[in-house]
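Notes for the one structure printed next.
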Amino acid sequence: MRYLSLLVLLVCAPAARAAEKPNIVIVLTDDMGFSDLGCYGGEINTPNLDALAANGLRFTQFYNTARCCPTRASLLTGLYPHQAGVGHMVNDKGETFPGYRGDLNRNCVTLAEAVKPAGYRAYAVGKWHVTPHTGPKAPNHNWPLQRGFDRYYGTIQGAGSFFDPASLTRDNTQISAFADPEYQPKTYYYTDAISDHAVKFVADHDKEHKDKPLLLYVAYTAAHWPMHALPEDIAKYKGKYANGYDPVRKARFEKAAKLGLIDPKQGMAPGAGDWNSVADKNWEAAGMEVYAAMVDRMDAGVGKIVAELKRTGRFDNTLILYMQDNGGCAELQGRTGNKNHPNIDRPEKPTLPPLKADALLPSGSVPPQTRDGFPVRMGPKVMPGAADTYLAYGRGWANVSNTPFREYKHWVHEGGISTPLIASWPKGIAAKGELRTQPGHLVDVMATCIELSGAQYPAAVGAQAITPLEGKSLVPAFANKPLAREAIYWEHEGNRAVRAGDWKLVAKGPGGKWELYNIKDDRTESSDLAAQQPDKLKELVAKWEAWAVRAKVVPWISTPEYKLSK
């Protein structure tokens, strides 16, 4: 009996030790605003994320980098995006601008590369978007499996059809959604495919690596344009936005204030768009109906992942972090028409030759046609939602998404960089339903993973030096303790900012003047104190400029005449 007990102890010991390390699930959504989720003030149905918030924490002052691929580079590496080589987008500005090469560099390690030496398996699903090499024969040195992940399903490029995504990749092989023997749902919809593969990876991990903790990175493309959603989801929101922007924005403001997420005394930033002047209110409202449907379906996918974590007994010791890559998107993609995409009603029959089921679509955001031969349409006559449409929801609704803040995706005023952060970890976070006001940034995710996994952030990998970690672990904030940090910094397209304590310095464009705000009193950035606080202005300008040199923002930002198209 003593021998049997000892044998059981030895067999079970590795699993017990592994169980002490939490599983980590990071959920990132695309082009969504601060107030879109129900638990952050919104009217969209998000019961699964709301439940995670009710049983965990919501951060009220968490930040991203204002744009999709810089955010991903920063989240994956714990560095500012320029330090990882993706300071702008995935296009190369040349050797003179090392922070803007558009390809994840080798002076950084990814979350997967960092935690795997601590015994983790790592999985990624969804949008990758940290390399310009997106085609089936392109160099894959910066695809997920080459950056530490054990399995991958998703798109290498940044945007595309939800019904037939280009650059769709399983592990290292690009595939067609319509000729994939491993996954053939009745209706292919990319959000569902992301959720279903996340569930599969959790299930497979539990079968094949039960004694190891897992890291799962889930990067949804919802709710990035095009506004594509399933008819049954769109039907839930039919007529909900018929009264226009202002009533929705007002209701979100009041709900967020009641939830304690914002200070109602500060009011709202100015509205965008006059509903009375909208020419086609049904068309305009439809954009938000489809957007809401996309968010609704994404939340249902989060519910599937949570259910699988519970089924496999991992949920209680899993840290789930939910966040967004930038604020609501005011881009006009497809709304004004395009010479290559007709502004017409849907034809009764296909007008173009169909594509073979196994044909790989060319890389690029906008496909010319659907696989069954319908032209992809744009313009104000085109109702959004279906596979043969390609439209954004516009500036007015983006302003609603970003309630109560100023500006949008691209800009580094609060509307462009403020994201929800939901943290759920039943075994590790005692608080339930509480708020955390500590300012944080997605560079902090790596530091958090390093602490919880017991991994060591490397100074070098072989002969390659690794840039020191920029973020701060969020673990103290989970216990409502302060995060000791000097400042948080931003630069994107010459839009730039620094936040130190309650003070924020911010400017629009390379030639834009610096504005100064006390965020504690004025998070809507309505009262510029630059003229009244010259010493604070000078202090923060110097701080930002020193960071810009250190983080490889300079030389680009120091030469405003340099054009992004150069």
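Treat the numbers as computed from the prediction; the structure is a model and nothing was measured.
Within the cation-pi definition used here (under 6.0 Å to the ring centroid, within 45° of the axis), R496 qualifies as a partner of W514.
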Practice task
Begin with the C-alpha distance, continue with both residues' side-chain angles, and end with the deciding distance and a verdict on salt bridge (Lys or Arg N to Asp or Glu O under 4.0 Å) for D92 and R101.
Solution key: CA-CA 4 Å; D92 191 351; R101 300 307 303 271; 2.5 Å; yes
Handout entry: T46/D299 under side-chain hydrogen bond (donor to acceptor under 3.5 Å, both in side chains): CA gap, chis, key distance, verdict
Key = CA-CA 5 Å; T46 56; D299 178 83; 4.7 Å; no
Practice task
Would you please test H441 and F62 for ring-ring contact (aromatic ring centres under 6.0 Å, His included) and show each step?
Solution key: CA-CA 6 Å; H441 186 281; F62 200 74; 7.3 Å; no
Problem - From CA spacing to verdict: side-chain hydrogen bond (donor to acceptor under 3.5 Å, both in side chains), H410, E493 - result: CA-CA 7 Å; H410 294 262; E493 296 182 336; 3.1 Å; yes
Exercise for the section: Take D150 and K116 through the test salt bridge (Lys or Arg N to Asp or Glu O under 4.0 Å) and record every step on the way to the result. Expected result: CA-CA 10 Å; D150 295 293; K116 283 181 69 177; 3.0 Å; yes
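The side chain to side chain contact (heavy atoms under 4.5 Å, CB included) test applied to A497 returns V412, W490, K504, V506, not counting sequence neighbours. With sequence neighbours left out, F162 forms a ring-ring contact (aromatic ring centres under 6.0 Å, His included) with Y189. Every residue two or more places apart in sequence or in another chain was checked for a side chain to side chain contact (heavy atoms under 4.5 Å, CB included) with K137, and none qualifies. Under the rule for a side chain to side chain contact (heavy atoms under 4.5 Å, CB included), P117 has no partner lying at least two apart in sequence or in another chain. Every residue was checked against the side chain to side chain donor-acceptor pair (under 3.5 Å) condition with S453, not counting sequence neighbours, and none meets it. Applying the ring-ring contact (aromatic ring centres under 6.0 Å, His included) rule to F405 yields the partners F34; only residues at least two apart in sequence or on another chain are considered. Evaluation of the side chain to side chain donor-acceptor pair (under 3.5 Å) rule for Q533 yields no partner, not counting sequence neighbours. Scored by the side chain to side chain donor-acceptor pair (under 3.5 Å) test, T448 finds no partners at all (sequence neighbours excluded). Contacts of H205 classified as ring-ring contact (aromatic ring centres under 6.0 Å, His included), with partners at least two apart in sequence or in another chain: Y123, H209. Take T312 and apply the side chain to side chain contact (heavy atoms under 4.5 Å, CB included) test, not counting sequence neighbours, and it matches V202, D206, E308, R314. Taking the side chain to side chain donor-acceptor pair (under 3.5 Å) definition, one finds that T131 meets it with D103, sequence neighbours left out.
At distances below 3.5 Å, not a single donor-acceptor pair connects side-chain atoms of T419 with backbone N or O atoms of N64. In this structure, the side chain of K409 does not engage the main chain of N326 through any donor-acceptor pair within 3.5 Å. With hydrogens and angles ignored, the 3.5 Å screen pairs no side-chain donor or acceptor of D444 with any backbone N or O of S473. Judged by distance alone, the side chain of N402 and the main-chain N or O of G328 form a donor-acceptor pair under 3.5 Å. A donor-acceptor distance shorter than 3.5 angstrom exists from the side chain of T110 to the backbone of E113, with no hydrogens or angles considered. A donor-acceptor contact shorter than 3.5 Å links the side chain of R485 to the backbone of P439. Looking only at distances, no side-chain donor or acceptor of T173 sits under 3.5 Å from a matching main-chain atom of T169. The backbone N or O of A66 sits nowhere less than 3.5 Å from a side-chain atom of Y63 that would complete a donor-acceptor pair. Remark: the backbone N or O of G126 is paired with a side-chain donor or acceptor of Y152 at under 3.5 angstrom.
Using modelled atom types and a 3.5 Å distance limit, the side chains of N317 and W425 yield a donor-acceptor pair. Residues R406 and Y517 have side chains that bring a donor and an acceptor to within less than 3.5 angstrom of each other. One side chain, N480 or Q438, offers a donor N or O that lies under 3.5 Å from an acceptor on the other.
Screening residues 75-84 for side chain to side chain donor-acceptor pair (under 3.5 Å) gives H82-E491, Q83-E470 as the qualifying pairs, with residues at least two apart or on separate chains.
Taking all atoms of both residues into account, the shortest heavy-atom contact from L321 to A423 is CD2-CB, 3.8 Å. Here the closest heavy-atom approach between residue A479 and residue R436 is recorded as C-NH2, 4.3 Å. Across Y40 and F59, no two heavy atoms sit closer than the pair OH-O, 2.8 Å. Residue F315 comes nearest to I320 through the heavy atom pair CE1-CD1, 4.0 Å, listed as atom of the first residue, atom of the second, then distance. Here the shortest heavy-atom pairing between D325 and T71 reads O-OG1, 2.7 Å. Residues A222 and T29 share a closest heavy-atom pair of O-CB, 3.5 Å.
The ring of W556 has its center closer than 6.0 angstrom to the ring center of Y100.
Each of K543, K472, R499 was scored for a salt bridge (charged side-chain N to carboxylate O under 4.0 Å, His left out) with E486, with one residue passing: K543.
No side-chain heavy atom of Q324 sits under 4.5 Å from any side-chain heavy atom of D30. Side-chain contact between H197 and R170 is present, with at least one heavy-atom pair separated by less than 4.5 Å.
The aromatic rings of Y153 and Y190 are tilted relative to each other, their planes meeting at an angle between 30° and 60°.
Counting heavy atoms of neighbouring residues, nucleotides and ligands inside a 6.0 Å radius, atom NZ of K536 exceeds 12 of them.
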